[in-house]
Amino acid sequence: MPSYFTSSPGKVILFGEHAVVYGKVATAGSLGLRSYALIQTREDKKIEVNLPDVQLARSWNINDVPRQARWEGYPYPPQSMNAELLDQLTKFVDLGSQTNRSQAAIALLYLHSFLTTDETVAQGYDFVVRSNLPVGAGLGSSASYSVCVATALLQLNGYLSAGMGLDVAAQRDLVNQWAFQAEKVIHGNPSGIDNTVSTLGGAVMFKKGEKIEPLPGFQSLRFLLTNTRVPRETQVQVANVRKLHDKFPTVVNPMLDAINEISNSCKTIFSQDGLDRTQLLSRFGELVDVNHGLLSALGVSHPSLEKVREISSKLGLKSKLTGAGGGGCALTLIRDDVTSETVAVVKQLLEAEGFQCMETSVGGPGAGILTLTHPTTIAEFLAHDKAYFEATQNWVYFV
Ligand SMILES: Nc1ncnc2c1ncn2[C@@H]1O[C@H](COP(=O)(O)OP(=O)(O)OP(=O)(O)O)[C@@H](O)[C@H]1O
Ligand SMILES: C[C@@](O)(CCO)CC(=O)[O-]
Ligand SMILES: [Mg+2]
């Protein structure tokens, strides 16, 4: 009975959120906070799905779920989304207005419709995901979920096996492309930066449709992440910026160009000879400030995010929103000269506002698979704590 864990990280966007949707460059890195999935075959032709982070536990007869015939470009996804299939799945899932759950379930079944083989249909499978990422807070929980789904379905159905003849880079690309489809189900019109960082890991410069460039020297930066706990949906924030853009293109386009130059300036300061670390961090902090100002002008800040900036700036620290904004998370640059006492004070002040602070590593591994030698039960998977997965050896990453 094939049984696998898959895992993938969240992301933090340093510069360029929203502008990246319009083809501008953005800079982002993977987070130490990850999602974990279990996928394993069953014998009763059912799909048993358990997504505790969005309170979804459902079971379907596998034969009731629509399937797609072989398509052009197989095994890579079709160029455009299948709107008819999405409609069909929305009705099939029938989760009404509970968008968190329904989007997660539809994204899974959308990929299932294309990727499930006759062999899997003859058995059924369990699928469970749990995440250490806050859901809907700007740290790429949807992309991390999407990459876990894509990796799990591709692995279970044999697309990543040696028999398919794909090298590691091609496997990684396949995972990323299918995860992008799932992100489209959840987000509407994503740029692809979140699923790309979640698949590849590390720290990258990203521009839609172009080759990903690693960002040198990034690992050594420290950030504090603050979750304001103000809920928001990426899809809504992206749509709001779109409305502003369409109403005032001559005003908004130069702002998006300016954001593009922030990522380019970030690259320059990392590669500039003769810039010492103190100067680098100081310039990086200035870019953080400018980027937040532009995002705020695009209408995606929130009083809670301005509060994070106010508190951190009192202690000489620079912060910006990260991800789609409108609530969710802010990142604060911790320069090398900032003492642990100062960090503790900032955290205390932010937590007193009801915010949640996290220090996490950035630039770690991307998506990974672990083949289980002994099948596990859903209950056992759900009972493991976070440390269990991190301590588990033999993860294979797409590096
Ligand atoms: N652990 C999870 N289990 C199931 N579904 C999840 C999980 N994490 C995220 N999702 C799906 O992703 C949606 C949240 O995506 P959204 O893009 O709004 O937030 P985000 O990805 O955390 O933020 P951002 O895109 O700004 O980084 C949820 O509504 C749910 O459908
Ligand atoms: C807001 C946005 O730029 C980043 C969300 O993490 C949307 C996207 O790139 O798809
Ligand atoms: Mg998202």
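Start at 1 and go down the list; that is how both ligands and their atoms are numbered. Worth saying up front: this structure is predicted, and the values here are computed from it rather than measured.
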Query raised in the report: For atom 7 (C) of ligand 2, which of V21, V12, T322 has the closest heavy atom?
Result: V21
Report task. Considering only NZ, NE, NH1 and NH2 on the basic side and carboxylate oxygens on the acidic side, decide whether R42 and D44 come within less than 4.0 Å. Result -> yes
Requested in this report: Please determine if D336 and R222 form a salt bridge, counting it only when a charged side-chain N lies under 4.0 Å from a carboxylate O.
Outcome: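 No, this pair does not count.
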Report task. Answer side chain, backbone, both or neither: which part of L56 comes under 4.0 Å from ligand 1, heavy atoms only. Result ->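 The answer is neither.
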**Report entry** Mode of V54 contact toward ligand 1 - side chain, backbone, both, neither (heavy atoms, under 4.0 Å)
**Finding:** side chain
Atom indices of ligand 1, in the order listed, that fall short of 4.0 Å to a heavy atom of [X]:
X	result
S131	1 (N)
H187	16 (P), 17 (O), 25 (O)
T234	16 (P), 17 (O), 18 (O), 19 (O), 23 (O), 24 (P), 25 (O), 26 (O)
A324	26 (O)
A137	22 (O)

Query raised in the report: K11 to ligand 2: N or O pair under 3.5 Å?
Result: yes
Query raised in the report: N/O of N189 under 3.5 Å from N/O of ligand 2, yes or no?
Result: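 It does not: no N or O of N189 is found under 3.5 Å from an N or O of ligand 2.
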Ligand 1 contact by [X], heavy-atom criterion under 4.0 angstrom:
X	value
R101	no
S35	no
E183	no

Within-cut-off N or O pair, [X] and ligand 1, under 3.5 Å:
X	result
G323	no
R232	yes
R130	no

Query raised in the report: CD of E351: more than 12 outside heavy atoms within 6.0 angstrom?
Result: yes
Query raised in the report: Quick one: angle S142 OG - the Mg ion (ligand 3) - H187 NE2, to the nearest 10°?
Result: 90°
Query raised in the report: So do the side chains of L174 and F398 get within less than 4.5 Å of each other, counting heavy atoms only?
Result: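 Not touching, per the 4.5 Å side-chain cut-off.
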Query raised in the report: What about the rings of F389 and F381, do their centers lie closer together than 6.0 Å?
Result: yes
Query raised in the report: Taking the six-membered ring for Trp, are W178 and Y159 ring centroids under 6.0 Å apart?
Result: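 So the answer is no for these two rings.
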Requested in this report: Over all heavy atoms of both residues, which pair between I334 and V338 is shortest? Give the atoms and the distance, please.
Outcome: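 Looking at all heavy atoms of both residues, the closest pair is CG2-CB, 4.0 Å.
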